[in-house]
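The structure appears below as structure tokens.
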Amino acid sequence: LLVSSAPRVWYGLMVLAPADAVNPVTGLTYGRLRELAIERPDTAEASMGCSRRLFARELAASSCGENQLFCWARCMDYFDHYGNAVSPDICREQGYSYFNCTDPLLQVSD
């Protein structure tokens, strides 16, 4: 029984498409798309496989905004899982000794 509010575990396997397979959206082969992603990382081709059309360089950001924390390989805004605002100051006021990224299962991001 799945409950929409309960956390779920996801398991998957990444599969690299054959170089000669044709992408149905672009009409280009996956081999060519990989070449373009390396040659021109700021183009739409470089975002294939990234959710919300993010680019690889965005996923590996080295610094975050003033109200963000780097966790799970990206910059995350200061909000909890319920959409409530959080910050290092709010956590200190509540007696917590540090501020980090924690998922609903209480797993902490590296």
Practice item. Write down the atom of Met76, the atom of Cys71, and the distance for their closest heavy-atom approach. Key: CG-SG, 3.2 Å
Per-pair distances, 0.1 Å, donor-acceptor, side chain in residues 93-101, under 3.5 Å, sequence neighbours excluded:
| residue | atom | partner | partner atom | Å |
| --- | --- | --- | --- | --- |
| Asn100 | OD1 | Thr102 | OG1 | 2.7 |

Point to revise | Shortest non-hydrogen contact between Tyr78 and Pro88, atoms and distance | key: CE1-CD, 3.6 Å
Point to revise | salt bridge (Lys or Arg N to Asp or Glu O under 4.0 Å) contacts touching residues 12-33 (sequence neighbours left out) | key: Arg32-Glu35, Arg32-Glu39
Revision key, fill the gap. On a heavy-atom basis, the closest approach of Arg34 and Ala17 is NH1-O, 3.3 Å
